[in-house]
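Quick notes on the structure that follows.
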Amino acid sequence: MWTTEQFGAAHEGYVGAVLDDDTEPEPAYLDPGSGANFHKTREWWAYSGILNRPRATRARAACSCGWRGATGCAITWENVDDFDAVFPSPEPRADWSQHIADVEAHTVPLPVELTALIHQLEASLARLSDEAPLAAIKAVDVLERLTKRVTREAAFNAEADGLSDEDLGQALGVPPADGKAHLHGYRLRR
(Lines give C-alpha, C1' and ligand atoms only; values in the text may rest on other atoms or scores of the structure.)
Protein backbone atom coordinates (compact mmCIF):
# COMPACT_ATOMS: atom_id res chain seq x y z
CA MET A 1 0.00 0.00 0.00
CA TRP A 2 1.11 3.54 -0.72
CA THR A 3 0.02 6.56 1.25
CA THR A 4 0.84 10.21 1.56
CA GLU A 5 0.99 12.24 4.73
CA GLN A 6 -1.36 14.78 3.22
CA PHE A 7 -4.19 12.51 2.10
CA GLY A 8 -3.76 9.43 4.34
CA ALA A 9 -6.49 6.79 4.08
CA ALA A 10 -8.52 8.90 1.63
CA HIS A 11 -5.99 8.03 -1.09
CA GLU A 12 -4.29 4.74 -0.24
CA GLY A 13 -2.81 3.29 -3.38
CA TYR A 14 -2.14 -0.32 -4.28
CA VAL A 15 -1.55 -2.61 -7.24
CA GLY A 16 -4.98 -4.02 -8.05
CA ALA A 17 -5.89 -7.16 -9.93
CA VAL A 18 -7.56 -7.21 -13.36
CA LEU A 19 -9.15 -10.36 -14.77
CA ASP A 20 -9.25 -11.61 -18.37
CA ASP A 21 -12.56 -9.84 -19.00
CA ASP A 22 -11.14 -6.46 -17.80
CA THR A 23 -13.11 -6.57 -14.54
CA GLU A 24 -11.82 -6.47 -10.99
CA PRO A 25 -12.37 -9.52 -8.83
CA GLU A 26 -14.39 -9.39 -5.62
CA PRO A 27 -12.25 -8.74 -2.54
CA ALA A 28 -10.25 -11.70 -1.27
CA TYR A 29 -10.63 -12.53 2.40
CA LEU A 30 -7.53 -13.76 4.15
CA ASP A 31 -7.77 -15.90 7.27
CA PRO A 32 -4.97 -14.94 9.65
CA GLY A 33 -5.52 -18.06 11.73
CA SER A 34 -7.65 -18.27 14.80
CA GLY A 35 -10.01 -15.42 15.44
CA ALA A 36 -13.05 -13.75 14.00
CA ASN A 37 -11.27 -11.00 12.05
CA PHE A 38 -10.48 -11.50 8.39
CA HIS A 39 -8.28 -9.22 6.31
CA LYS A 40 -9.83 -8.08 3.01
CA THR A 41 -7.70 -7.18 -0.01
CA ARG A 42 -7.96 -6.39 -3.70
CA GLU A 43 -4.20 -6.46 -4.24
CA TRP A 44 -2.82 -8.31 -7.24
CA TRP A 45 -0.89 -10.99 -5.34
CA ALA A 46 -4.09 -12.44 -3.82
CA TYR A 47 -5.39 -13.49 -7.26
CA SER A 48 -2.93 -16.16 -8.37
CA GLY A 49 -5.64 -18.75 -8.93
CA ILE A 50 -5.20 -20.59 -5.64
CA LEU A 51 -7.80 -21.10 -2.89
CA ASN A 52 -10.66 -20.86 -5.43
CA ARG A 53 -9.76 -17.28 -6.28
CA PRO A 54 -9.65 -16.14 -9.90
CA ARG A 55 -6.29 -15.70 -11.60
CA ALA A 56 -5.47 -12.11 -12.52
CA THR A 57 -3.91 -11.54 -15.92
CA ARG A 58 -3.06 -7.88 -15.44
CA ALA A 59 -2.40 -5.46 -12.62
CA ARG A 60 -2.97 -1.73 -12.47
CA ALA A 61 -2.75 1.10 -10.00
CA ALA A 62 -5.79 1.58 -7.80
CA CYS A 63 -6.75 4.00 -5.05
CA SER A 64 -9.06 3.75 -2.06
CA CYS A 65 -10.99 6.75 -3.45
CA GLY A 66 -12.17 4.59 -6.37
CA TRP A 67 -9.71 5.84 -9.00
CA ARG A 68 -8.17 3.20 -11.24
CA GLY A 69 -5.17 3.52 -13.52
CA ALA A 70 -6.03 3.42 -17.20
CA THR A 71 -3.19 1.13 -18.14
CA GLY A 72 -2.17 -2.17 -16.74
CA CYS A 73 0.80 -4.49 -16.73
CA ALA A 74 0.66 -8.13 -17.67
CA ILE A 75 1.31 -10.53 -14.81
CA THR A 76 3.67 -13.37 -15.63
CA TRP A 77 2.94 -15.64 -12.70
CA GLU A 78 5.83 -17.95 -13.56
CA ASN A 79 8.22 -15.08 -12.73
CA VAL A 80 6.54 -14.15 -9.44
CA ASP A 81 8.06 -15.25 -6.16
CA ASP A 82 5.29 -16.79 -4.04
CA PHE A 83 6.51 -14.95 -0.96
CA ASP A 84 7.02 -11.50 -2.47
CA ALA A 85 3.99 -9.19 -2.59
CA VAL A 86 5.95 -6.40 -4.32
CA PHE A 87 4.82 -5.95 -7.90
CA PRO A 88 7.79 -6.37 -10.25
CA SER A 89 7.10 -3.23 -12.32
CA PRO A 90 7.27 0.43 -11.26
CA GLU A 91 4.44 1.47 -13.63
CA PRO A 92 1.49 1.14 -11.19
CA ARG A 93 3.27 3.22 -8.55
CA ALA A 94 4.08 5.89 -11.14
CA ASP A 95 0.41 5.94 -12.26
CA TRP A 96 -0.80 6.34 -8.66
CA SER A 97 1.78 9.08 -8.02
CA GLN A 98 0.38 10.96 -11.02
CA HIS A 99 -3.14 10.50 -9.62
CA ILE A 100 -1.98 12.04 -6.31
CA ALA A 101 -0.39 14.95 -8.20
CA ASP A 102 -3.71 15.47 -10.03
CA VAL A 103 -5.64 15.40 -6.75
CA GLU A 104 -3.23 17.92 -5.22
CA ALA A 105 -3.53 20.17 -8.27
CA HIS A 106 -7.31 20.36 -7.79
CA THR A 107 -7.26 21.16 -4.08
CA VAL A 108 -7.70 24.68 -2.82
CA PRO A 109 -4.45 26.56 -3.55
CA LEU A 110 -2.45 28.17 -0.78
CA PRO A 111 -1.51 31.81 -1.22
CA VAL A 112 2.01 32.11 -2.62
CA GLU A 113 3.26 34.21 0.30
CA LEU A 114 1.96 31.63 2.80
CA THR A 115 3.62 28.77 0.91
CA ALA A 116 6.94 30.63 1.01
CA LEU A 117 6.49 31.31 4.72
CA ILE A 118 5.76 27.62 5.41
CA HIS A 119 8.91 26.57 3.53
CA GLN A 120 10.95 29.14 5.44
CA LEU A 121 9.47 27.94 8.74
CA GLU A 122 10.23 24.30 7.89
CA ALA A 123 13.86 25.13 7.07
CA SER A 124 14.21 27.18 10.27
CA LEU A 125 12.75 24.40 12.41
CA ALA A 126 15.00 21.79 10.80
CA ARG A 127 18.03 23.95 11.51
CA LEU A 128 16.83 24.62 15.05
CA SER A 129 16.27 20.91 15.73
CA ASP A 130 20.00 20.37 15.05
CA GLU A 131 21.28 23.44 16.90
CA ALA A 132 18.82 23.73 19.80
CA PRO A 133 16.49 20.71 19.92
CA LEU A 134 14.56 21.83 23.00
CA ALA A 135 13.86 25.21 21.42
CA ALA A 136 12.62 23.38 18.31
CA ILE A 137 10.27 21.30 20.47
CA LYS A 138 8.97 24.43 22.17
CA ALA A 139 8.42 26.12 18.80
CA VAL A 140 6.53 23.09 17.47
CA ASP A 141 4.40 23.03 20.63
CA VAL A 142 3.45 26.69 20.04
CA LEU A 143 2.68 25.92 16.38
CA GLU A 144 0.53 22.92 17.28
CA ARG A 145 -1.61 25.03 19.59
CA LEU A 146 -1.86 27.74 16.94
CA THR A 147 -2.80 25.32 14.17
CA LYS A 148 -5.43 23.59 16.31
CA ARG A 149 -7.07 26.91 17.14
CA VAL A 150 -6.94 28.24 13.57
CA THR A 151 -8.09 24.89 12.17
CA ARG A 152 -11.18 24.86 14.40
CA GLU A 153 -12.05 28.45 13.42
CA ALA A 154 -11.49 27.76 9.73
CA ALA A 155 -13.63 24.60 9.89
CA PHE A 156 -16.51 26.51 11.49
CA ASN A 157 -16.23 29.22 8.84
CA ALA A 158 -16.04 26.68 6.00
CA GLU A 159 -19.14 24.91 7.29
CA ALA A 160 -20.94 28.24 7.50
CA ASP A 161 -20.15 28.80 3.81
CA GLY A 162 -22.49 25.89 3.00
CA LEU A 163 -20.28 24.32 0.31
CA SER A 164 -21.50 21.21 -1.49
CA ASP A 165 -19.97 17.81 -0.75
CA GLU A 166 -18.32 17.91 -4.20
CA ASP A 167 -16.71 21.30 -3.55
CA LEU A 168 -15.54 20.31 -0.07
CA GLY A 169 -14.09 17.02 -1.29
CA GLN A 170 -12.20 18.64 -4.14
CA ALA A 171 -10.88 21.49 -2.01
CA LEU A 172 -9.59 19.08 0.64
CA GLY A 173 -8.47 16.33 -1.75
CA VAL A 174 -10.84 13.70 -0.36
CA PRO A 175 -13.84 11.85 -1.81
CA PRO A 176 -16.97 14.05 -1.75
CA ALA A 177 -18.64 11.84 0.85
CA ASP A 178 -15.72 12.50 3.25
CA GLY A 179 -15.57 16.30 2.97
CA LYS A 180 -18.00 17.13 5.77
CA ALA A 181 -16.49 14.46 8.02
CA HIS A 182 -13.06 16.05 7.52
CA LEU A 183 -14.42 19.46 8.48
CA HIS A 184 -16.11 17.95 11.51
CA GLY A 185 -12.79 16.32 12.52
CA TYR A 186 -11.02 19.67 12.21
CA ARG A 187 -13.67 21.30 14.39
CA LEU A 188 -13.12 18.73 17.12
CA ARG A 189 -9.32 19.10 17.31
CA ARG A 190 -8.23 19.93 20.82
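Computed over heavy atoms, backbone and side chain alike; hydrogens, waters and symmetry mates excluded.
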Verify, without hydrogens or angle tests, whether [X] (side chain) and [Y] (backbone) share a donor-acceptor contact under 3.5 angstrom.
X      : Y      : value
Thr23  : Leu19  : no
His11  : Gly173 : yes
Thr107 : Leu172 : no

For this session: Decide yes or no for Leu168 and Leu183: does some side-chain heavy atom of the first lie under 4.5 Å from some side-chain heavy atom of the second?
Result: yes
Exercise. Does some side-chain heavy atom of Trp2 sit less than 4.5 Å from a side-chain heavy atom of Pro92?
Worked result: yes
To check you understand the geometry: which heavy-atom pair defines the closest contact between [X] and [Y], and what is its length?
X     : Y     : value
Ala46 : Thr41 : CB-CG2, 3.7 Å
Ala17 : Ala56 : CB-CB, 3.7 Å
Arg55 : Ser48 : NH1-O, 3.4 Å
Trp96 : Glu12 : NE1-C, 4.1 Å
Cys63 : Ala10 : SG-O, 4.5 Å

Among Ile, Leu, Val, Met, Phe, Trp and Tyr joined by side-chain contacts under 4.5 Å, find the other residues sharing a cluster with [X] and list them by chain and number.
X      : result
Val140 : Leu121, Leu125, Leu143, Leu146, Val150
Leu134 : Ile137
Met1   : Tyr14

What salt bridge (Lys or Arg N to Asp or Glu O under 4.0 Å) pairs are there with at least one residue in [range], not counting sequence neighbours?
range            : result
residues 58-76   : Asp22-Arg58, Glu24-Arg60, Glu24-Arg68
residues 169-186 : Asp165-Lys180
residues 91-102  : none

Exercise. Are Trp44 and Leu30 connected in a single hydrophobic cluster, I mean Ile/Leu/Val/Met/Phe/Trp/Tyr linked by side-chain heavy atoms less than 4.5 Å apart?
Worked result: yes
For this session: Would you confirm whether the ring centroid of Trp77 sits within less than 6.0 angstrom of the ring centroid of Trp45?
Result: no
For this session: Can you label the angle between the His99 ring and the Trp67 ring as parallel, tilted or perpendicular, going by 30° and 60°?
Result: parallel
Quick check for you: to the nearest 0.5 Å, what is the distance between [X] atom [atom1] and [Y] atom [atom2]?
X      : Y      : atom1 : atom2 : value
Glu144 : Thr147 : CD    : OG1   : 6.5 Å
Thr151 : Leu188 : OG1   : CG    : 12.0 Å
Lys148 : Arg152 : NZ    : CZ    : 8.5 Å
Thr4   : Ile100 : OG1   : CD1   : 5.0 Å

Exercise. Yes or no on side-chain contact (heavy atoms from CB on, under 4.5 Å) for Tyr47 and Ile75, after CA distance, side-chain angles and deciding distance?
Worked result: CA-CA 11 Å; Tyr47 300 95; Ile75 299 174; over 6 Å; no
Exercise. Please walk me through it: do Asp167 and Ser164 pass side-chain contact (heavy atoms from CB on, under 4.5 Å)?
Worked result: CA-CA 5 Å; Asp167 289 341; Ser164 70; 3.3 Å; yes
For this session: For side-chain contact (heavy atoms from CB on, under 4.5 Å), just list the numbers for Glu43 and Phe87, CA-CA rounded to whole Å, side-chain angles, deciding distance to a tenth of an Å, and then say yes or no.
Result: CA-CA 10 Å; Glu43 292 183 68; Phe87 193 70; over 6 Å; no
